[in-house]
Each structure stands twice: as C-alpha cells, then as structure tokens.
Amino acid sequence: MILVVGSIALDSIETPHEKSEDVLGGSATYICGATSKLADTSLIGIVGSDFPDRYSQLFEEWKVNTEGLEVVEGKTFRWSGRYHSDMIHRDTLSTELGVFETFNPVIPESKKGAEYVALGNIHPDLQHRILDQVKKPKWVVADTMKLWIDIARDSLERLIPRVDAIVVNDEEARDLTGEISLTSAAAVLLEMGPSSVIIKRGEHGASLHMGEDLFYSPAFPLHKVFDTTGAGDTFLGGLIGWVAKKGNSDSATLKEGIHVGSCLASFTVESFGVDSLQAADRAGINKRLEVLRDLTEVPRIVF
Ligand code: AMP
C-alpha cells in the first residue's frame, strides 16, 4: 500500500490561452491520480467544508482510501498561478492556506504499516510528522518546492537524510546545493543520505542519480501543452506507483518508474486538473511508453 500525503487544493490557473477557477489540484491529488492506476493508495490530507462533493467522489472512483482525509469546518487550501508563455515558468498569484493552517497529519492506526510513502509537496515539518508515525516503510520518496527551500531550509535538510529518494527540479537542485552543474548538485544531495536523487528537467525529461548509476529519460514529446500544473506530482506518483507494483526499488525498476512517471505526466499537462490523467487508459499509456522507449533506443555504435 502507498501512503500519500500532500496538499488537496482548489486551483485557479491562468495560461496564455485560458483561465480556470477552483479546479481540483494539490500535490496529493495528482500523486493519487497516478498511484491509484498502479497500486492500493491511502490518502492523508485535509479539506474544508466547501470541498465539492464531485471532487470527493473522484477519490472514491479511483478507489483511494480516504480514512486519513480530514474534512473540517472552514475553507479548502487554494492556490492560484499564472503561467508565462513558455508554459514552464509561473508566478504564484495567491496562496490561501485555509484549513491547511492548522493541519496536523495523523495516520490512522491501520495505515501506519504502509510499505511505500509518497511525501508530496507540503511544509517539510509536516513531512517529518508523517515519517515520525509510519512503522518501517520499504521506500519513501519526497518532493519539495522553492518556497520551502527559502523559508524552511533547516527542516528540509533534516528531511533529506530520512528518505530513500528525493525528487527535485533543476532549479531546486541548484538552490538546495549551490551547485550549478546538476551532476554535482545530485552528488551533494546523495551525500546527504538518500540512495537516489531524481532531477526533473521539465520538457527535457528527468535524470536518476543512484550511486554510480546515471540515467536520463526524455519527456514525452507533445505538440500542445495545455497546463503543466501537477506534472511533477504526477511524475512522482507514477514513479512510486511503479516501485510499489513491482515491489522493488533497484535502479532498473527506478528507471522504468521514471518512464512511467514521465508518461503519466504527459497526460496531466493536456488538461486543467486531473481530467486527462483520469481519462488515460492502459492502451493509451502503453502506446506512449513505447514512443518514449523508441526515442532513445539506438543500436550500439562502433566508430
Ligand atoms: P506542481 O505543478 O507539480 O508543482 O504542483 C502544483 C500543485 O501544487 C497545485 O495543484 C497546487 O495546489 C499545489 N501547491 C502550490 N503551492 C503549494 C504549497 N505552498 N503547498 C502545497 N501545495 C502547493
């Protein structure tokens, strides 16, 4: 079973082409959208009394266990952002914590034995609280964001040695380590304790750094990117989902997991919210996995 913790949000997003309001988002939501396609998933999070029923039903449709989802009087976490024309860089317009302000994650007794733990992007103190409660997970992966590097660096630096894998984007890797080269940044992060470091490089894919093992995966080539919100979370969900499905976290499995994560993220960016990810079926996913594999397969060349 995968235990997922993170934000559950109502997002309002502006892209150069369209606007959306109060769309279901949040790091935990996108992670669950991906993991629930691959393994049993239990969610730990909080929403307010304004959280729409149709969104609660989505988690049910995905068969996500919501025993650890608190519904309390007040407002659900809201985030709004505006994308630049490159659809990669974005400005946060507002963050309204609402019920998140007093969130103290409590893992139900029956979920403390979770084998896999996905620490979605939330304050690192809350990520610590999850790790303080789980018994002996086989594999823990954590995500973060620039905000926490800026305002909660100490807590984050104490979290990194506690996880098996950390997923960061290129900017975060540089900010966290002060290194310009991403290879050096990964080496510094590995020194801090996790057995693997995964660096997301946006449209250029992702890299896995694990001991001496180095692996690059391209991103799925899309003609039209609609909204990149949640791509990183979906990627992480695909990765841990694959690890849980295989019951293995060796480098070969992580490489496959990175392809699965990249593939699922390519669906997320095709719509606002989780609509495209949800609609992705096995045949569609397999087709994209084939394309991803063919992108980098070359016969051995002897010059
Ligand atoms: P990503 O595009 O992968 O970085 O994830 C986007 C999601 O992160 C959105 O759905 C937001 O609701 C959520 N988010 C934005 N800011 C925060 C924050 N400070 N804490 C937790 N989640 C956030």
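Counting starts at 1 for both ligands and their atoms, in listed order. All values below come from the heavy atoms of this structure, side chains included, with hydrogens, waters and symmetry mates left out.
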- line: Exactly one of Leu239, Ile285, Leu38 clears side-chain contact (heavy atoms from CB on, under 4.5 Å) with Val260, and that residue is Leu38

message: I'd like to check whether Thr95 has a polar contact with ligand 1, where a contact means an N/O of the residue lying under 3.5 Å from an N/O of the ligand.
response: no

- prompt: Nearest to atom 14 (N) of ligand 1 by heavy atom, Phe235, Phe100, Phe77, Trp148: which?
  reply: Phe77

task: Answer yes if the side chains of Ser12 and Arg78 hold a donor-acceptor pair under 3.5 Å, and no otherwise.
output: no

message: Classify the ring geometry of Trp148 against His123: parallel below 30°, tilted from 30° to 60°, perpendicular beyond 60°.
response: tilted

query: Rounded to the nearest 0.5 Å, what separation is found between the CG atom of Leu10 and the CG atom of Leu24?
result: 7.5 Å

- line: Closest to atom 10 (O) of ligand 1 among protein heavy atoms sits Asp11 OD2, 2.4 Å

message: Could you tell me, atom by atom, which parts of ligand 1 come under 4.0 Å of a heavy atom of Ser7?
response: 13 (C), 21 (C), 22 (N), 23 (C)

message: For the 3.5 Å polar cut-off, considering only N or O atoms, please tell me whether Gly25 and ligand 1 meet it.
response: no

message: Going by the closest heavy atom to atom 7 (C) of ligand 1, which one wins out of Leu24, Thr29, Asp233, Asn121?
response: Asp233

statement: Near Tyr30 (heavy-atom distance under 4.0 Å), the atoms of ligand 1 are 10 (O)

- prompt: Do the charged groups of Lys111 and Glu67 touch, with an N to O distance under 4.0 Å?
  reply: yes

query: Under 4.0 Å from any heavy atom of Ala9, which atoms of ligand 1 are there?
result: 12 (O)

task: Could you say whether the N/O atoms of Leu147 and ligand 1 ever approach to under 3.5 Å?
output: no

task: Go through the steps for Lys287 and Asp281 under the test salt bridge (charged side-chain N to carboxylate O under 4.0 Å, His left out), then give the verdict.
output: CA-CA 10 Å; Lys287 220 165 149 185; Asp281 61 11; over 6 Å; no

- line: The protein heavy atom nearest to atom 2 (O) of ligand 1 is Gly230 N, 2.7 Å

- prompt: Tell me, which protein residue and heavy-atom name are nearest atom 16 (N) of ligand 1, and how many Å apart are they?
  reply: Trp79 CD1, 3.5 Å

query: So between Met145, His123, Arg90, whose heavy atom ends up nearest atom 18 (C) of ligand 1?
result: Met145

- request: Identify, by atom number and element, the atoms of ligand 1 in contact range of Thr229, meaning under 4.0 Å from any of its heavy atoms.
  value: 2 (O), 6 (C), 9 (C), 10 (O)

Lys224, NZ: over 12 other non-hydrogen atoms inside 6.0 angstrom: yes

query: Tell me, which pairs form a ring pair (Phe, Tyr, Trp, His ring centres under 6.0 Å) where one or both residues lie in residues 89-117, sequence neighbours left out?
result: Phe77-Phe100, Phe100-Phe103

query: Which residue pairs pass the side chain to side chain donor-acceptor pair (under 3.5 Å) test with at least one member in residues 163-177, sequence neighbours excluded?
result: Lys146-Asp175, Asn169-Glu172

